Each structure stands twice: as structure tokens, then as C-alpha cells.
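Notes for the one structure printed next.
Chain A is the first sequence line, chain B the second, and so forth, proteins listed ahead of strands; every chain is numbered from 1. A quick note: this is a predicted structure, and the numbers were derived from the prediction, not measured.
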Number of protein chains: 2
Amino acid sequence: MTKLPKMAGANTILHVAKASGLSPATISRVLNNHPYVKEATRKRVMDTIEKMSYHRNNIASGLRSNKSHTIGLIVPRISMTFQSEVITTIQNHLYKHGYNLMICQSNDSLQMEREMVKTLHSTRVDAVIAACTLNTTDFSHFDLLMNSGVPVIFYDRVPTSKTNATLIKGDDTRGGYLATSHLIEIGCKKIAHISGPLSCNLYQDRLAGFKKAMQQANLKINDNWMFYQELTFENARIAVKKMLNSNDRPDAIVADNDTSAIAALECAKEVGLKVPHDLKIVGYSNDSRSAITSPSITTIEQFPALMGQKIVEALMVLLGKSTANSEMLVEPTIVPVQLIRRLSA
Amino acid sequence: MTKLPKMAGANTILHVAKASGLSPATISRVLNNHPYVKEATRKRVMDTIEKMSYHRNNIASGLRSNKSHTIGLIVPRISMTFQSEVITTIQNHLYKHGYNLMICQSNDSLQMEREMVKTLHSTRVDAVIAACTLNTTDFSHFDLLMNSGVPVIFYDRVPTSKTNATLIKGDDTRGGYLATSHLIEIGCKKIAHISGPLSCNLYQDRLAGFKKAMQQANLKINDNWMFYQELTFENARIAVKKMLNSNDRPDAIVADNDTSAIAALECAKEVGLKVPHDLKIVGYSNDSRSAITSPSITTIEQFPALMGQKIVEALMVLLGKSTANSEMLVEPTIVPVQLIRRLSA
DNA sequence: TTGTACGCGTTATCAA
DNA sequence: TTGATAACGCGTACAA
């Protein structure tokens, strides 16, 4: 007996090697499905592994191979319907490919986001997927990763300037256009817009879509009905109250998320306006709540599962596990959107 | 634009040692805040680290120290409001303590749950936090972790039999009781119950609370109004339709989640019943949707943030980072619940 | 207070 | 097809 046994429950490939009368290298080959292993040997090793209930130490493996089989994910918050569905899809797909997911919530804090990039770098994740905060306009903290050869995929909230990262985003321009032109088609002429802060590409694009639809219909944009703010329930209430209490009221509201749309609906009820008769409302994201209000809210579906799937596809290309769709890496991937017509507009 | 060359190899403490004219051991001591380091030396090292932009390799550190500073989390799905809030709290707290979180979704599949335990074991996580699937009645797959000295905390859906793991659960018996007795107080006598499958402790307990309230009020339980099923929207619709179309209709429904309560509300509207006048409804969990239906739904608040906090507290004790509340480790921790009265009952 | 030397468990590189 | 052996980067006795 050599220096083998130390503590129960800490079997290593060395133990397996001894027990099966083979070398550690062969055990490793079996574990990694290396081609040059005789079938009989493989079987013998597998049996021993089973018998000893050996489990490979991924930490040691990672140190040697420089692969952690872990993907880092940075997201503002997981509780948003859209985000949690994207993440769910990513996680399920990645798991099938043998990767783990390390999820970090920035809580929409740029400082947290910066720290998390460092942490994920130290953890030696194989790649990072990130939806940035509303305030992230400088993306240079991600250079740390890319300079070390760690691929970065941005989705949803992405940089607008040039980058070496892979970009996957929703068709927000079209989303803004669809929401607005729908209202125009059903006769609205005085359309308000509750936008998010324009520091973020999402809201820039949705605004562009809004403007395009308005211009095409020769409708003028009333600055008193344009709001650029963090899209919270309270902020929306304040904005909508102000509009509804004025002499000149809009006949429709395009909101950049469903929380704001729900707030608008609530305000309308309080003021005694009937939706959609007196005021029409369109939201954004198809939040699970938007389907169950009375009236239910017309909104923009973003297909989070599809986006998650695209993200994993790109990831597999970046990790060299796939060569399909390698053009994803140079051109931004645009995920389609769709108007979900309900009763509010 | 030329692609950035992949770095030949990141800096190591050896490089830092060379550059600062010290030994690797001293660098390591500085990184780990070891007491026996002269302040001037520490400063010198920190400067060099900064200048070289050295970042510690957590994989190597983990191999040596046998600590990954990563906590594994297994959860049926992150998209449920309750779960996503628990997870958010856990993640934010853990991050402050210097731990990462590896989240695994079992999708309520027992087989996935089993695999994920193995994966987390291989990844050498420092501890595992788990909310099990609805079908997990045998928890022995977690023994792999506990036998290797990896602490396990079960929350929400926990084992009912004896275990070495730490248990943190909601007061579901009281929740079921509060929901039912509230209905009784406001005059209901014919109360239906849409329960989850009794394989799961949650629904056993809520049912016990329901029965207790019914017995105290000398109300008899009508078996035609008792349903034990996975708590999906469709299942609830079928159950409620059946009851509302029969000759003998309940005057109230206790649902074990808000999805079922929302389905009940929808069915009632379809059949032309007014809620709460003709039918009263109480849900469970205070899902974000329950507040915005018309009428809004009375439900049971489970304080997910508090539960998340308790989980981290217990974890810190288990990891030897804290000695407060060490009784958490032997007795299950019960997180309180509260009736949120809204307009549906 | 700092340095030397070794080992954590695995995989890669040779050699056989 | 398999084996021997040297890394991977860090932490920690032990020595100085």
C-alpha cells in the first residue's frame, strides 16, 4: 500500500487506477471518452468507478485543462418574466451540453456589474453571457474577459458602439413600431409614450420605432406626453396621472414595459376612464401579468425562449462545440417580436 | 480590426513574486489577508498586483484549499415569483460573503434533480441549498453530499422523515388554516379546496390547516370539492368548471397557489358568478399577478426574502462563518405566513 | 516576518 | 493502446 488512503469519500483516479490495475492516465482517458481506449478496458474502469463510487473532481480537472465547464451569466434581476425565461432556456440547454451556469444579479448597479466581471474572471468561467444594467454605457470592464480569451455574449441590453463581443438582441425598433402603428390603425391620433432612459439601446430603438410610425401617419409628437424614466410602477403612475389630469389628454399610451402599462390601466380606472374606449394602452414584454388584468393588455412578445436558444447556439460556436451559424459571431442576431393583441387596444 | 491575441497565460503569484522581489508565499499571504505580513510588504504587493493586473485563479485556489467558494442551488424553476425572490435574496447575501451561486433548475424532474446533485458534488461546491421537486419523496441522493461533508439545506419543499440536513420551511399548516378560517369568518360554509399532490410536505401541511379550520367550525368536508393535483392553470380550470356546473356549488374556494386561484376567478366570470359575492376565493403565495386581477385576490404571503435570509444565516453557521443561531441546524426553522386580504374574499 | 518546498487531483506529453 | 511523469497555480507546513 502506498500513500493512497487518507479520508473516506475522497477517491481519486489514483485509487481507481490501483483498484483496477491500470494507470491514472487510462482512467482519465475513460472519463474523457478518449478514443484510444480498448472497449474491454473501458468497461473494466467503468465497473471499478461504479463500485468505488468515484466522482471526478472538476476543480482539479479545471486547473489542468483550463476549462471550468461553467458559464457566467450577469443579469440585472432574475425576477423579471422575460429574464427568468431567457435564463431558464439557457440553463436547460447548457446543462445538456455539460455546462454549469453561474448566475450573478447586478440589481441594475453598474458597480456590482463591474465586480461580477472580475469575480467571473477569477472563477475562470469558459464564457460570459450578460444583459447589462440600464446605466452601462461604458462596456470596457468586459475587456478583462475578452483579453483573456473568454468569449462574451451580450443580449437584450447591449453596447451600441463597436465591440468584439457577440450581440443578440430583440427587434426593439420593430417592437416600438408595431405597438404604435397598431394604435394608429385603430384610430388613435394623440399617442403618449412612456419610454425608459435613453442611455439604454432598448429604449433608443423602441423610441425610433415609435417615431417612425408617427411620422408615417403624419402625427405630431407632443412633448408633454413623452416620458424618459426608469420604468417603475410609481414613475408610470406619476406620469400618467399628470397626463390624465391635464386639459389635453392623449387617447393612447405606448409603454415600454408592462409594469408601466398596468400602472396606466390602474390610473385610468381611478380617473373614471374606460379602457380601451376612452384610452388605449399597449405595453411591452408580455409579462405574465399583462394577460390577466381587466381588460387584458395588448403587448409585445419578445420570445425569450428563442433568445435563450440563440444565445446557446452562439455560445457553442464560440466554445468550438459547433460550427453552425458562425455568422452569428460577426453580425448581431436579431430576435423577432410580435404584437399580442388583447383588450386594452 | 485585428482579433486580440489570446494571452499566452495569465499572470500567477509567481510572476507577482518575481516582479515584487518577494516569494510566492508572501503574495499568497497578502491575498488571503494573513496576519503575519508587514504593512509595507502588503502595500508593495498590492501595488504590484494592481500594476500587473493580476487576478487570482480561483480554480487553483480551490484545488489547494478544498474550498470553491461556490454554493449550489437546486430549484424546480426560477420563474415562480416565490422562488425568484428567495433566490434573489440568497444571491445578494452570498455575494457579500464572497460566495458564488450555481443555480440548477430541475424543472420538477426527479431524475434531473438526481443528476444535479452529482454535478454539484463533482464541482465541489461548499454547500447545497435545495427546494425539491413535487415528486421527491426519497431524498437519499443528497446523501452523496452529506457523506462528503457538504452541508445541505432544504427549503420550501423539504423531507418529512429524519435527515441530517438543515430544514427551513414556511408555516404551511398555519397558511392553510388562515386561508380557510378567514373564509369561515366572513360566512362561508361550503368550502372547496384545490390542493397540490400530497406527496409534497407543503400540501400535506396546508391540507392539515384546512381541515383544522373546518373542524373547529364544525363544517363538513365535501369530497366532491377536494382536488389533489399539480397546480396548473388548466388543472384548476377543469376542477372549478366541474364544481361550478354541478347542482351543489361551493360558496368558496381555497387554492394552494395563485395560479389556481386566478383560474378559478376566470371560471367564475365565465359562468356569470360575481366574486366575491357569489363565490369567494383565496390563493396562496402572493404571486405578483394576484394583486392586479379584478377583483384582486386574497392570498397568503410567504415572505420569500425572509426565507432567503434565514437560509443564508443557516449557511454561514454551517460553513463556520458564524455561530449565531446555531440551533437552526437541529430544529427546522419555520418562516411565518400572513393573510393578505384583498377583494376576492 | 518571510522563504522553501511540497502536494492538491487531474490532464497532456512523451515514450513504450 | 497504455504507462510514467510533468505540469496547472495556489496554500501551507516548516524552516530561516
Side-chain angles (χ1 to χ4, degrees), chain A residues 2-7 9-46 48-49 52-70 98 121-124 126 148-149, chain B residues 6-46 48-49 52 54-69 121-124 126 148-149:
Chain A
T2 53
K3 56 187 174 178
L4 281 185
K6 189 182 182 182
M7 269 277 296
N11 278 331
T12 73
I13 51 171
L14 239 82
H15 297 88
V16 179
K18 265 270 173 354
S20 59
L22 291 158
S23 75
T26 301
I27 314 301
S28 177
R29 287 192 190 96
V30 171
L31 287 171
N32 293 299
N33 295 315
H34 193 285
Y36 292 151
V37 181
K38 200 160 63 180
E39 193 47 40
T41 310
R42 179 185 305 281
K43 182 105 185 97
R44 180 145 61 106
V45 172
M46 291 310 286
T48 318
I49 283 177
M52 305 178 64
S53 74
Y54 162 83
H55 296 268
R56 179 229 235 97
N57 183 331
N58 286 344
I59 302 263
S61 166
L63 174 60
R64 182 57 230 220
S65 67
N66 210 24
K67 274 163 188 40
S68 64
H69 295 281
T70 298
H121 172 76
S122 276
T123 306
R124 296 296 191 265
D126 293 345
S148 319
Chain B
K6 179 163 180 174
M7 280 182 62
N11 281 328
T12 72
I13 51 172
L14 234 83
H15 297 105
V16 180
K18 273 243 165 57
S20 58
L22 290 159
S23 75
T26 301
I27 314 302
S28 176
R29 288 191 189 98
V30 171
L31 287 171
N32 294 299
N33 294 313
H34 194 283
Y36 293 152
V37 181
K38 199 160 63 181
E39 192 47 39
T41 310
R42 179 185 307 279
K43 182 104 184 92
R44 179 145 60 106
V45 172
M46 291 309 287
T48 318
I49 284 177
M52 305 179 63
Y54 162 84
H55 296 269
R56 189 215 311 250
N57 183 329
N58 284 343
I59 303 261
S61 166
L63 175 61
R64 185 60 240 245
S65 66
N66 213 25
K67 274 163 187 39
S68 63
H69 295 282
H121 173 76
S122 276
T123 305
R124 297 296 190 266
D126 293 345
S148 320

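A close approach under 4.0 Å does occur between a side-chain nitrogen or oxygen of R56(A) and OP1 or OP2 of dT11(C). Under 4.0 angstrom from either OP1 or OP2 of dT1(C) there lies no side-chain N or O belonging to R42(B). In this structure, S65(A) does not reach the dT11(C) phosphate: none of its side-chain N or O atoms is under 4.0 Å from OP1 or OP2.
Summarising the geometry of P24(A) relative to L14(A), their closest heavy-atom pair is CG-CD1, 4.0 Å, with the distance given to 0.1 Å. Nearest heavy-atom pair across H69(A) and G98(A) is CB-O, 3.9 Å. I27(B) approaches S20(B) most closely through the heavy-atom pair CD1-OG, 3.8 Å. Of all the heavy atoms in R44(A) and L22(A), the pair that sits closest is NH2-CD2, 3.7 Å. The shortest heavy-atom contact between R124(A) and A10(B) is NH2-CB, 4.1 Å.
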**Asked** Hey, mind stepping through L31(A) and I13(A) against side-chain contact (heavy atoms from CB on, under 4.5 Å) and telling me if it holds?
**Response** CA-CA 10 Å; L31(A) 287 171; I13(A) 51 171; 3.8 Å; yes
Let me check something: any side-chain donor-acceptor pairs from residues 53-61 of chain A under 3.5 Å, sequence neighbours excluded? List them with distances.
unit_1: R56(A); atom_1: NH2; unit_2: N32(A); atom_2: OD1; d: 2.7
unit_1: N57(A); atom_1: OD1; unit_2: I59(A); atom_2: N; d: 2.8
unit_1: N57(A); atom_1: OD1; unit_2: A60(A); atom_2: N; d: 3.1

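In this structure, L14(B) places its CG atom 13 Å from P of dA5(C), rounding to the nearest Å. Rounded to whole angstrom, the span from the CG atom of N66(A) across to the P atom of dA12(C) amounts to 11 Å. Rounded to an integer number of Å, the gap from CD1 of I49(A) to P of dT10(C) is 10 Å. Atom CD1 in I59(B) sits about 12 Å away from atom C1' in dC10(D), given to the nearest Å. Rounded to whole angstrom, the span from the CE atom of M52(B) across to the P atom of dG9(D) amounts to 13 Å. Taking atom CG of L63(A) as the reference point, atom C1' of dT10(C) lies 8 Å away to the nearest angstrom. K67(A) has its NZ atom 22 Å from the P atom of dG9(C), to the nearest Å. Regarding I13(B), its CD1 atom lies at a distance of 13 Å from the P atom of dC8(D), rounded to whole Å.
When side chains are defined from C-beta on, T26(B) counts as touching S23(B), because their heavy atoms get closer than 4.5 Å.
Proximity note for S28(A) (side chain, C-beta onward) versus dC10(D), dT11(C), dT2(D): the nearest is dT11(C). Each of dT11(C), dT2(C), dT2(D) was ranked by its minimum atom distance to the side chain of T41(B); first place goes to dT2(C).
Contacts classified as salt bridge (charged side-chain N to carboxylate O under 4.0 Å, His left out) and involving residues 20-40 of chain B (residues at least two apart or in different chains) are given here: E39(B)-R42(B).
End-to-end axis angle of the helix from dT1(C)-dA16(D) to dA16(C)-dT1(D), using five pairs per end and rounding to 10°, comes to 30°.
The environment of CE in M52(B) is crowded: more than 12 heavy-atom neighbours from other residues, nucleotides or ligands sit within 6.0 Å.
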Please write out the pairs of protein N or O atoms and N or O atoms of nucleotides 4-6 of chain D separated by less than 3.5 Å, giving the distance to one decimal.
none

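Within residues 32-40 of chain B, the residues having any heavy atom under 4.0 Å from DNA chain D are, by residue number, N32(B).
Residues satisfying the side-chain contact (heavy atoms from CB on, under 4.5 Å) test with R64(B), not counting sequence neighbours, are none.
Among the heavy atoms of the strands, none lies under 4.0 Å from I27(A).
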